[in-house]
Amino acid sequence: MENSSPYRDGLPTTSSSASLKSERRSKSKSIQTSKPSLIMAFFSCVAWLYVAGRLWQDAENRTLLANLLKKNWGQRPKVLTVEDKLMVLGCKDLERRIVEAEMELTMAKSQGYLKNQLHQSGSSSGRKLLAVIGVYTGFGSRLKRNVFRGSWMPKGDALTKLEERGVVIRFVIGRSANRGDSLDRNIDEENHMTKDFLILDGHEEAQEEFPKKAKFFFSTAVQNWDAEFYVKVDDSIDLDLDGLIELLQSRRGQDSAYIGCMKSGVVIAEEGRPWYEPDWWKFGDEKSYFRHAAGSVFILSKNLAQYIHINSASLKTYAHDDISVGSWMMGLQATYTDENRLCCSNDRQDKVCSLA
């Protein structure tokens, strides 16, 4: 019976000790495997709490924004107009002042406002002249000028006395393409002797630049002399000076006057032909010019000449100077006067001009 006892001499047997070791190993393994699971569960719980908190916070923000939008919806315009934007930016008063300034500028232009004070030439008392007459001429036209000086155009003291009566006459010419060459020097020498030129320093005296000459003439004349009328005359006609002065005196006090031998005409669209008009397509299918004063001689009142001076930089020119001036008058409240006495080719006895 002593052999069946699990202990021998007070010590456990081999089988009992082995079972105890296996139990301990299983317990230690279970403890080791449970630690990572606990850690993962902890972090999962923390993550869930974070996500739940953010969702709750976002829901609160959305509710707050929805309440604010509902509260302000009735107070805001559905469409934000330009005026609303100007109000917001505080520009309403500035816009009003700009509009007022534009209106004042438009009014000043319509009244012929000039930045430079006009030089009162030929009138020591400051009396306004009756007219400034510009006779177009060229570098090769000295013989014509001498003929005019010996016929209808005064010279020397007679020219000065005419200016005292309120009429200024000048030959009008530009500058050579080669500034300061013999052409310019010859004109300067002739003017030094006769003192009857209006030299347009900004204008090039060339055939292709001829339509622009009117802009330079009226602009320069209105700056140099304060007159009621400004008259353009070609050097291809003879002038009855007394008859012209009489005609001008009868029109004295007439504003916005555009006076001449009014005509129209066919627009030449074939390049190479005389009087070819590069802008022919602008004159419609009928290819006919609008009504305008013939270029031999025509008259503008002071405010129309001032308009040309003020707007000369933006005025369009066509192939001919009379067409160009006529186009400028079309956009104004000019009074067109068809004066038969200025038709140089007619048979009237009292006409003031004739073909030279």
Side-chain angles (χ1 to χ4, degrees), residues 131-141 144-145 148 169-177 197-223 229-237 239 244 257-269 273-280 282-283 288-302 304-332 334 336-339 342-345 353 355-356:
V132 175
I133 302 172
V135 183
Y136 279 22
T137 189
F139 292 119
S141 300
K144 280 187 179 181
R145 293 193 290 272
F148 289 165
I169 304 179
R170 293 290 185 271
F171 287 111
V172 182
I173 193 168
R175 287 297 189 182
S176 169
F197 277 88
L198 174 61
I199 299 175
L200 309 175
D201 287 317
H203 174 65
E204 181 182 324
E205 192 67 36
Q207 185 63 36
E208 61 273 13
E209 298 295 321
F210 185 77
K212 300 178 182 177
K213 193 170 182 176
K215 287 201 293 187
F216 286 94
F217 163 58
F218 288 110
S219 182
T220 305
V222 84
Q223 289 182 86
F229 300 103
Y230 297 83
V231 186
K232 180 258 176 175
V233 177
D234 275 346
D235 66 353
S236 59
I237 64 171
L239 201 63
L244 178 61
Y258 178 36
I259 307 170
C261 180
M262 296 296 169
K263 66 171 188 174
S264 185
V266 178
V267 179
I268 305 300
R273 287 185 58 188
W275 312 108
Y276 167 65
E277 175 59 72
D279 290 313
W280 58 267
K282 293 183 178 179
F283 296 92
S288 177
Y289 284 120
F290 40 76
R291 208 75 171 158
H292 62 278
S296 299
V297 52
F298 62 84
I299 304 164
L300 297 182
S301 61
K302 176 184 175 180
L304 297 183
Q306 286 177 330
Y307 171 82
I308 294 173
H309 166 57
I310 293 169
N311 299 280
S312 59
S314 58
L315 291 176
K316 161 74 177 170
T317 55
Y318 292 94
H320 316 292
D321 66 330
D322 53 355
I323 301 296
S324 300
V325 175
S327 70
W328 305 337
M329 297 300 106
M330 285 182 67
L332 304 176
Y336 283 60
T337 302
D338 185 11
E339 179 55 72
L342 297 178
C343 297
C344 303
S345 59
C353 63
L355 299 177

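Computed from a prediction, not measured in an experiment: that's the story for all the values here. Values reported hereafter were calculated over all heavy atoms of this structure, with side chains retained and with hydrogens, waters and symmetry mates removed.
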> For Glu208, which residues count as a side-chain contact (heavy atoms from CB on, under 4.5 Å) partner, sequence neighbours excluded?
Replying inline: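 Checked Glu208 against side-chain contact (heavy atoms from CB on, under 4.5 Å); matches are Glu204, Ala206.
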> Can you name the residues that form a side-chain contact (heavy atoms from CB on, under 4.5 Å) with Ala294, not counting sequence neighbours?
Replying inline: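 side-chain contact (heavy atoms from CB on, under 4.5 Å) list for Ala294, sorted by chain: Cys261, Lys263.
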Roughly how far, to the nearest 0.5 Å, is [atom2] of [Y] from [atom1] of [X]?
{"X": "Ile323", "Y": "Asp279", "atom1": "CD1", "atom2": "CG", "value": "11.5 Å"}
{"X": "Cys344", "Y": "Leu239", "atom1": "SG", "atom2": "CG", "value": "8.0 Å"}
{"X": "Phe139", "Y": "Arg175", "atom1": "CZ", "atom2": "CZ", "value": "7.5 Å"}
{"X": "Tyr336", "Y": "Asp338", "atom1": "OH", "atom2": "CG", "value": "12.0 Å"}
{"X": "Ser219", "Y": "Ile310", "atom1": "OG", "atom2": "CD1", "value": "9.5 Å"}
{"X": "Leu198", "Y": "Ile169", "atom1": "CG", "atom2": "CD1", "value": "13.0 Å"}

Whether the side chain of [X] engages the backbone of [Y] through a donor-acceptor N/O pair (distance < 3.5 Å, no angle test) should be reported.
{"X": "Arg145", "Y": "Gly138", "result": "yes"}
{"X": "Thr137", "Y": "Ile173", "result": "no"}
{"X": "Ser264", "Y": "Tyr289", "result": "yes"}

Looking at [X] and [Y], what are the two nearest heavy atoms and their distance?
{"X": "Glu277", "Y": "Ala319", "answer": "OE1-N, 3.3 Å"}
{"X": "Cys353", "Y": "Ile237", "answer": "CB-CD1, 3.9 Å"}
{"X": "Lys282", "Y": "Lys316", "answer": "NZ-CE, 3.7 Å"}
{"X": "Glu209", "Y": "His203", "answer": "O-CE1, 3.0 Å"}
{"X": "Ile259", "Y": "Leu342", "answer": "CG2-CD1, 3.9 Å"}
{"X": "Lys215", "Y": "Trp328", "answer": "CG-CH2, 3.0 Å"}

Are [X] and [Y] packed together at the side-chain level, in the sense that at least one heavy-atom pair is separated by less than 4.5 angstrom?
{"X": "Val325", "Y": "Phe298", "result": "yes"}
{"X": "Trp280", "Y": "Val266", "result": "no"}
{"X": "Ile133", "Y": "Val233", "result": "yes"}
{"X": "Leu244", "Y": "Ile299", "result": "yes"}
{"X": "Phe229", "Y": "Lys302", "result": "no"}
{"X": "Asp234", "Y": "Val297", "result": "no"}
{"X": "Thr337", "Y": "Tyr258", "result": "no"}

> Think Lys232 forms a cation-pi with Tyr136, using NZ or CZ under 6.0 Å from the six-ring centre and within 45 degrees of its axis?
Replying inline: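 Checked: cation-pi criterion met.
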>> Show, in sequence, the C-alpha distance, side-chain angles and deciding distance for Lys213 and Glu205, and conclude whether the salt bridge (Lys or Arg N to Asp or Glu O under 4.0 Å) test is met.
In response: CA-CA 8 Å; Lys213 193 170 182 176; Glu205 192 67 36; 3.1 Å; yes
> Would Ile308 and Leu300 satisfy side chain to side chain contact (heavy atoms under 4.5 Å, CB included), going step by step from the backbone distance to the final call?
Replying inline: CA-CA 10 Å; Ile308 294 173; Leu300 297 182; 3.6 Å; yes
> Is it true that Phe217 and Tyr230 have ring centroids separated by less than 6.0 Å?
Replying inline: no
> Does a side-chain N-to-carboxylate-O contact under 4.0 Å join Asp321 and Lys212?
Replying inline: no
>> Run Thr317 and Phe210 through side chain to side chain contact (heavy atoms under 4.5 Å, CB included) and show every step you take.
In response: CA-CA 10 Å; Thr317 55; Phe210 185 77; over 6 Å; no
> What orientation do Phe283 and Phe290 show, parallel under 30°, tilted 30 to 60°, or perpendicular over 60°?
Replying inline: tilted
> Under 30°, 30 to 60°, or over 60°: which ring-plane class applies to Phe148 and Phe171, parallel, tilted or perpendicular?
Replying inline: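 It falls in the parallel class, under 30°.
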